[in-house]
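Structure, as structure tokens:
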Amino acid sequence: MPENTRLQLAKQALLLPTALQESDIHRVMDQLITGAVDDGDIYFQSSHFESWLLEDGIIKEGSHSIEQGAGVRALSGEKTGFAYSDKIELDVLLAAAKNVRAIARQGQNRKVAIAKNSATAKNLYKPLNPLKSLQDQEKVDFLRRIDVATRQLDTRIEQVIIGMVGVQEHILIANADGSLVGDVRPLVRMNVSVIVEEDGQREQGNMGGGARSDYSYFLDEDKAMSYAREAVRLALVNLEAVPAPAGTMTVVLGAGWPGILLHEAIGHGLEGDFNRKGTSAFSDRIGERVASPLCTIVDDGTLEGRRGSLSVDDEGTVTQCTTLIENGILKSYMQDKLNARLMGTQSTGNGRRESYAHTPMPRMTNTYMLAGESEPEEIIASVKNGLYAKNFSGGQVDITSGKFVFSASEAYLIEDGKITQAVKGATLIGNGPEVLTHVSMVGNDLELDSGVGTCGKEGQSVPVGVGQPTLKIDSLTVGGTQV
Amino acid sequence: MQTQEEIKQLEAIIQESLAEAKKQGATSAIAGLSVDTGLSVNVRLGEVDTIEHHTSQGLGVTVYFGQKKASASSTDLSLKSIKETVSAACSIARYTSEDKYAGLPDADRLAVEFKDLDLYHPWQLEADAAVDLAVSCEDSARKFEGISNSEGASVDTFSGLHIFGNSLGFLHGYASTRHSISCSVLAEQNGNMERDYWYSVVRNQKELESAEQIGKKAAERTLRRLGAQQLSTRKAPVLYAAEVAGGLIGSLLGAISGSSLYRKSSFLLDSLESQLFPEFMHIYEQPHLLGALGSAMYDAEGIATQAHDIIKDGVLKTYLLSSYAARKLGMESTGHAGGVHNLSVKSGDQDFTQLLRTMNTGLLVTELMGQGINPITGDYSRGASGFWVENGVIQYPVEEITIAGNLKDMFQHIVAIGNDVDYRGNVRIGSVLIEEMAIAGE
């Protein structure tokens, strides 16, 4: 789909129903960019969302929501003025522009030339409407089919919960240089959650996936059932699990979703805002060694159809693949326009926002480590005693101290180079700028996650992707109960 | 009063939505609506960082066709949008299943008394004045020696109107406000940075902690973290500082809530009337406290809220049930659709310093990280930072450790609750001393 088609579709969805003309947008922009305002934008968005929930074998709930509105932003030096409204109307937008440009009144006039982005947005996803990709009857029949088939997988299954959501977003961004950028973003996600019971003991397993596509994504290649099988497998593994050890040891991280370690421990610390402010453990460290020479990490918004991918970011900048760490050396931060301008560099296409009611900031897209040369089996075999953490539930980081934590949802002991007993309740804790310096082997099995990641920062949620090959970390603290 | 006028107008939208649902064939319906306005100001290093003006609104409609349920929402409150929103819900209801437990609450449980809970105290705060206040808060932190950088100070004020109605004739609206000041600053030692924060949040701006005091606490909390060490792996008593102790009660509430129970995804199945805590533990709910953050006359379904003992003499006295969960479990709603309203954990007579002495040697936890809690088994393992304590005296800061145990055991082994109560949240609790947990570190 050519860029101008996306723009036309976005205009049709956002301007046509509201009777707002392009000339009106220019009027608002003229009102906004005056005096000491360096830059500004108007972000129009409409989002159509639906969700379906199957529980206890019945379609228990369905819901539909429409959110639409516009956010008006003025930037002056380091200052941001921002207002938004659920009404896309000229006088509301004019009032918002007048309100937010007041941010600049104390500043001196220092208008800077805004470098025009000449890159062309790639076709990463079609302008699909997931909500219309199946008839409602087909959606509920599909969920029922998956439920029945899941319950047949094992007699110990007590409960099956299946959720499916679809979103279509239209985005229109008016920039201070007069340009208009549009995008149409589909996103689907599905999740299967099971509870198993044996001899009075219960455990749960969850697995899901998604993409910037429509519901046909789940029908292809038996994907939905692969989530169900994985959820059941995880729950059964945890029935057998014993309490995890406590202490510092060698940890092997599985391929794929455990890349959340990179997202938490490294990625957040490389976001431009924290580094401009000097509040990140990675501040002023470009060019320094922050990982073993085996590690190369990128943030890539240009992967076709992935959950974290965007043709253009929420400031209209074309996304790219940014090398963050190359052979262990810190190469680049991730930037939005504001932080790039203040740090004297270019936006890397990482300016993202949850919605029109939120201001953009530097956020990750799909963050992953490139494959190395070791066979995964060889990595496990090299560990005398340690932990193999194959799957994770979630994590958190303190950007400033660099400390991060995440919880394993599937983990095993490694004894004499072999994977042995499953363990539960293993939380890993470490220090971001240090952890990758302890990487001694990188697998040749790079895997991206299945498309379920959501990242939260300052109260804003955005969809992201992560990935990595199997990794060996020589020393990491495992927070079990077996002291 | 202008607010009353606005509430009347919004009530008309709810009535319109319910009427439209009936017209489109729904057997019964629920509609809720809120309109929020606000101002958020953030300053950093003495300069304005962001000024945000908030205005948002949303209408949510749930319809029942017999025992089939569906819902829809929209940010557009126009008549046309109301029709479309109701129609979207009705259309989905054709495809959801008969669920014999679904439906509106019992009419005789709906709130009929609407006391003014003193939740509405608008703050006529101009952006300039908010900036000045935030600057004075941050300045108060930055003037501490050793504070090297700042994430800034914020002043937020929100005002909202909330209207709720159903086809049983329930219709009520009220206004509420929420104001807060927060500050987060950094300090550095030997190339290692630490950050901490403090905040105050209230309904009535007059009750805000002073900006200076918030800045001062943020600075002190940051500075005391400098030079943190890892502990070696061990078992030791753990004292949860009041500001993190609420999380333990949060895990309890999750485990006794109806949806966890009927899904059997709780570590406290069949625990009613069981001795979950030591006998001195008393946890009670006061939904009608004037001006409190969690106060409400009715729950998310319109059922009248009432005072409850959740834990009495250490024994679990009630689950937390919505009408749906209650029907699934063959019980009565407890008026807890949407959660609890103002929970208090009864304090003992020891203050914080005395608790440190009672613990003697162990870990004081002031921050927790990550979500390492399994709701089905109660297995607990979270990242922590805080202080190592010996002979009742704080020795040095610690970080990059985890604390682990099982919530059932942890509840049973609570030794004392301090009287240093943190009143900022929906759960009011002092510091909590637990006899022993596993600490993982070096």
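Below, chain A is the first sequence line, B the second, and so on; all start at residue 1.
- In terms of heavy-atom pairs under 4.5 angstrom with chain B, the leader among A:Arg144, A:Lys403, A:Lys139, A:Glu197 is A:Lys403.
- Taken from CD in A:Glu61 to CD in A:Glu55, the straight-line distance is 8.5 Å, to the nearest 0.5 Å.
- The candidate with the highest count of non-hydrogen atom pairs below 4.5 Å against chain B, out of A:Arg202, A:Glu67, A:Arg73, A:Gln482, is A:Arg202.
- Note: B:His54 leads B:Arg234, B:Glu151, B:His54, B:Lys68 in heavy-atom pairs under 4.5 Å with chain A.
- Distance OG/B:Ser385 to CG/B:Leu363: 9.0 Å, rounded to 0.5 Å.
- Both the backbone and the side chain of A:Thr481 come within contact range of chain B, each with at least one heavy atom under 4.5 Å from a heavy atom of that chain.
- Heavy atoms of B:Asn149 lying under 4.5 Å from chain A belong exclusively to its side chain.
- Side-chain contact check for B:Ser381 and A:Thr427: at least one donor-acceptor pair (N or O, by modelled atom type) lies under 3.5 Å.
- Options B:Ser40, B:Ala70, B:Ala228, B:Ser74 differ in how many heavy-atom pairs under 4.5 Å they form with chain A, and the most are formed by B:Ser74.
- With rounding to the nearest 0.5 Å, the separation of OG in B:Ser184 from CZ in B:Arg221 is 11.0 Å.
- Counting all heavy atoms, side chain and backbone alike, B:Phe267 lies closest to B:Gly378 at CB-N, 3.6 Å.
- With a threshold of 4.5 angstrom between heavy atoms, A:Phe49 does not approach chain B through any atom at all.
- For A:Ile161, the part sitting under 4.5 Å from any heavy atom of chain B is the side chain, from C-beta outward, and nothing else.
- Looking at A:Ser475, neither its backbone nor its side chain comes within 4.5 Å of chain B, counting heavy atoms on both sides.
- Interface residue A:Ile195: only side-chain heavy atoms are found under 4.5 Å from chain B.
- Residue contact with chain A, scored on non-hydrogen atoms closer than 4.5 Å, involves the side chain of B:Thr377 exclusively.
- Residues A:Asp56 and B:Tyr262 bring no donor and acceptor atom of their side chains to less than 3.5 Å of each other.
- The two atoms that bring B:Gly103 and B:Tyr64 nearest to each other are N-CE2, 3.3 Å, heavy atoms only.
- With values rounded to the nearest 0.5 angstrom, A:Ile88 atom CD1 is found 7.5 Å from A:Leu93 atom CG.
- For A:Gln204, the parts lying under 4.5 angstrom from a heavy atom of chain B are both the backbone and the side chain.
- Side-chain atoms of B:Ser150 and B:Glu138 form a donor-acceptor pair, as typed in the model, at a separation below 3.5 Å.
- Only the backbone of B:Ser266 comes within less than 4.5 Å of a heavy atom of chain A; no side-chain atom from C-beta onward does.
- Nearest heavy atoms, B:Thr366 versus B:Gly386: OG1-CA, 3.5 Å.
- Atom CD of A:Glu410 is separated from atom CG of A:Asn238 by 7.5 Å, given to the nearest 0.5 angstrom.
- Using modelled atom types, one finds no donor on one side chain facing an acceptor on the other under 3.5 Å when comparing A:Thr400 with A:Thr279.
- If you tally non-hydrogen atom pairs under 4.5 Å between each of A:Glu264, A:Gln201, A:Lys60, A:Glu158 and chain B, the highest count goes to A:Lys60.
- Minimum heavy-atom separation, B:Asp409 to B:His413: O-ND1, 2.8 Å.
- Shown here is A:Gln137, whose CD atom has more than 12 heavy atoms of other residues, nucleotides or ligands within 6.0 Å.
- Proximity to chain B is absent for every atom of A:Val72, based on heavy atoms less than 4.5 angstrom apart.
- The choice from A:Gly394, A:Pro433, A:Ala426, A:Gly278 that makes the most heavy-atom pairs within less than 4.5 Å of chain B is A:Gly278.
- Closest of all the heavy-atom pairs between B:Ala438 and A:Val483 is CB-CG2, 3.5 Å.
- With a 4.5 Å cut-off on non-hydrogen atoms, B:Lys80 does not touch chain A at all.
- Of the listed residues B:Arg44, B:Gln230, B:Glu367, B:Arg382, the one with more heavy-atom pairs under 4.5 angstrom with chain A than any other is B:Arg44.
- Proximity to chain A is absent for every atom of B:Ala187, based on heavy atoms less than 4.5 angstrom apart.
- Between the side chain of A:Asn275 and the main chain of A:Gly269, a donor-acceptor pair closer than 3.5 Å is present.
- Enclosure of atom NZ in A:Lys457 by more than 12 non-hydrogen atoms of other residues, nucleotides or ligands within 6.0 angstrom is indicated.
- With a 4.5 Å cut-off on side-chain heavy atoms, B:Glu52 and B:Asn42 do not count as touching.
- If you measure heavy-atom distances from B:Leu186 to chain A, the contacts under 4.5 Å come from the side chain alone.
- Among the residues in residues 56-63 of chain B, those with a non-hydrogen atom closer than 4.5 angstrom to a non-hydrogen atom of chain A are B:Ser56, B:Gln57.
- Looking only at heavy-atom pairs under 4.5 Å with chain A, the residue among B:Ile373, B:Asp379, B:Leu77 that has the most is B:Asp379.
- Taking CD1 of B:Ile403 as the start and CE of B:Met437 as the end, the distance is 4.0 Å to the nearest 0.5 Å.
- With a threshold of 4.5 angstrom between heavy atoms, A:Glu50 does not approach chain B through any atom at all.
- Using a 4.5 Å cut-off between heavy atoms, B:Arg94 makes no contact with chain A at all.
- Interface remark: of the candidates B:Lys264, B:Glu47, B:Glu442, B:Arg225, B:Lys264 forms the most heavy-atom pairs closer than 4.5 Å to chain A.
- Contacts of A:Tyr356 with chain B are made by side-chain atoms alone, with heavy-atom separations under 4.5 Å and no backbone atom involved.
- Interface check for chain B: of the options A:Gln68, A:Glu203, A:Met249, the most heavy-atom pairs under 4.5 Å are formed by A:Glu203.
- What you find for A:His268 and A:Phe274 is that their closest heavy atoms are O-CD1, 3.3 Å.
- Residue A:Phe406 does not touch chain B at all, counting heavy-atom pairs closer than 4.5 Å.
- Proximity to chain B is limited to the side chain of A:Lys87, based on heavy atoms less than 4.5 angstrom apart.
- A donor-acceptor pair under 3.5 Å is formed between the side chain of A:Thr248 and the backbone N or O of B:Gly441.
- The candidate from A:Val100, A:Leu54, A:Leu75, A:Asn431 with the greatest count of non-hydrogen atom pairs under 4.5 Å with chain B is A:Asn431.
- Residue A:Ser407 touches chain B through its side chain alone, counting heavy-atom pairs closer than 4.5 Å.
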